[in-house]
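Keep in mind that the numbers below use all heavy atoms, side chains included, and drop hydrogens, waters and symmetry copies. Naming convention: chains lettered A, B, ... in sequence-line order (proteins, then strands); numbering from 1 in each chain.
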Amino acid sequence: MTERRIGVYVCNCGTNIANVVDCDAVAEAAQSLPGVAVSRSYKYMCSNPGQEMIVQDIREEGLDRVVVAACSPRMHEPTFRRAAEMAGLNPYLVQMANIREQCSWVHDPGETATDKAKDLVRAAVYRAACHEPLERMAVEMCPDTLVIGGGIAGMSAALELADAGNRVYLVERTASLGGNVARVDLTAPYLDSARDMIVDRVTRVVEHPNVDVLLESELERLDGFVGNFKATLVRRSSGEAPPRQVVDVGSVVVCTGYKEFDAARVTHFGYGKLPDVITSFEFEQMLKQGRIELKDGRLPQYVAIVHCVGSRSEEFHGYCSRVCCMTALKYAHEVKSALPKAYVSDVYVDMHAFGKGCEDFYRRSAEVKTLFLMYGKGERPVVRRADPGDDCEMLLTVDEQLSGELIELPADLIILMVGMEPRDDAGQVAHLVNISQDKDGWFIESHPKLDPVATTTDGVYIAGACQSPKDIPDSVAQARAAAARILGKISRGKLEIDAMYAEVDEDLCSGCRVCNEICPYSAIEFDEEKRRSHVISALCKACGACVATCPSAAIKARHFTDAQIFAEITGVLA
Amino acid sequence: MSFEPKIVSFLCNWCSYSGADLAGTSRVHYKPNVRVIRVMCSARVDPTFVVKALAEGADGVLVCGCHPGDCHYSEGNYKTMRRMPLLKRMLADFGIEEERVRLEWVSASEGTRFADIVDDMTERLRALGPSRVKTALAYDAVER
């Protein structure tokens, strides 16, 4: 093998890496590794000057391999591959060593962490020496899109794509569009009607020539890959052979939303036992019908609104459901305008008024004489029936945090602000479209800050509350962002897909066909004439299962070859 | 100085490697004895990788994949699930202790779990002592 010219770049990541790992020492140690021509330590490799440094070294020092020791390759591998490409170096000749997420952020400062970083860099250098230039495949991008879920997010994504002239299949499991927003009366903080908003969207979607709305339908199967998916859609019906259709789509947007927390799981509020303890969604229903009343038809004199039911609790969900605080304030306004004489108390843990216009809304709520009482996180306000002589139906006992007093609050109607949780079938959906869920069950985005609508499966996007609790503006923004990502791909017409796939060496293949069975994508065909197997590269997703299975070592995983991984093992232990 | 084992860990890109990254972003500290090698799927982990790591001086090898049912490639981890016990049985015949090779499922949201597994494995290997595979191989080579 001719001598390599490898460039090693050790990123300090400001102080993120440099505070724990001696980056200069790592760069110096790398200098003496075989094939290393240049080794540098720099403050921020991902910055423009950092990338420039790589580009310049490739050009001036004639580098043929690049190793960047920095953050996770899941973060910046595309960045450094682009930099290499800019300098005319094949992007697959770049290798990263993860010395941030898997070193400096998890170990104490000192020699041990620095030694580990040196080992990881050595492994990357050994591996990079075995890298081969690879060409990406160009595939057609189907401009049609499948949108799963007909709520506010799904409809927004569908309209954005359809308005740009593309076909959209909008699949909705229920018999109507609108999702959870259709169950709401007014919206916070501007008190405009959710109904108007939804009716406008539904009308536009239904009448749009580019949108096929499929109600009472669901995705049954998704095959293929980005730009070239085949989606099997099934109409749910009681018949034995439900009607199915297979559509070609280039992208999928998952907008399956959330379900509300089941208030019956919390026992101390008496939900399900006391007739006038209701959930926020039951109260919305009441508001939509235009009359706030008790079960027996009387008007309530005391209305209590309780926050964080199911949210921000160790028992149920640790996260904040984000919309309940402002919805609770909205209820205070709606009760006050319908029943001016009613006393409204708002029993909260912390008031989260972070959205645009929300802090003003909070202030205005105090002005309409809402009584705010703060209870402690982990505390439990308890509801009991009032005594016969009292002028109210129930009593709510609150350990009020600001006054430090135990307060008994009269209540005729108690509204429980139930949080959001992932739908029961979120796991099934995740499985169908091949995306992941976090510990709470929400779908995981590609990057929490920089790539919030893409997923780890290329061509599959997420938008709205299926990703995490979200209000209407955030859901719409995310949906339109997902649509924009898809429109970008559509406008390019062709897609470059990863050059990683498996290849069979026909000279080594014995024709045993073990790999044919092992491939989960049926991407390996058997050529009856040649008596050899071969991989259909467009269908291969590069898992490498066949490679490890082949008894003749005839299959090569491009970019994850045996030689490359052996080199990495040797390097990490040398 | 006390014995510090070296662990080579093969992590699948989608679940376990992300889980290890999450330990980082969450600043969940663990023992610095582990060195990670990324593979796309745990099913890519050829038994020879494990043998190679032991032969080159690893005191332990940790293979992690997605939980059964959650594989990014739908069923790769089931292949791993069958392959690893066979390998361990073979290694046992060569006198390699069972604790040196470990298969675990770590999802993308289980940063803490990854950290716990590394800490636990480090402790067990400390108790077990250094692997003799590398020196035995070197001795064999000299004998021949």
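Between A/D562 and B/R44 there is a salt bridge, since a side-chain N of the basic residue sits under 4.0 Å from a carboxylate O of the acidic one.
Contacts of B/K6 with chain A are made by side-chain atoms alone, with heavy-atom separations under 4.5 Å and no backbone atom involved. Contact annotation for B/C12: neither backbone nor side-chain heavy atoms come within less than 4.5 Å of a heavy atom of chain A. Heavy-atom distances place the backbone of B/V28, and not its side chain, under 4.5 Å from chain A. For B/S107, no part sits under 4.5 Å from any heavy atom of chain A, backbone or side chain. Of the atoms belonging to B/R38, heavy atoms from both backbone and side chain fall under 4.5 Å from chain A.
The backbone N or O of B/D70 lies less than 3.5 Å from no partner atom in the side chain of A/H431, so there is not a single donor-acceptor pair. Between the side chain of B/R35 and the backbone N or O of A/I569 there is no donor-acceptor pair closer than 3.5 Å. With hydrogens and angles disregarded, no donor-acceptor distance shorter than 3.5 Å links the side chain of A/K116 to the backbone of B/N33.
Once rounded to the nearest 0.5 Å, the distance linking CD of A/Q437 with OG of B/S109 reads 9.0 Å.
For the residue pair A/S72 and B/D21, a side-chain donor N or O sits within less than 3.5 Å of a side-chain acceptor on the partner. Looking only at atom types and distance, the side chain of B/Y17 has a donor-acceptor partner in the side chain of A/N98 under 3.5 Å away.
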For B/D46 and A/V547, run side chain to side chain contact (heavy atoms under 4.5 Å, CB included): C-alpha distance rounded to whole Å, both residues' side-chain angles, the deciding distance at 0.1 Å, then the answer. CA-CA 8 Å; B/D46 194 309; A/V547 186; 5.9 Å; no
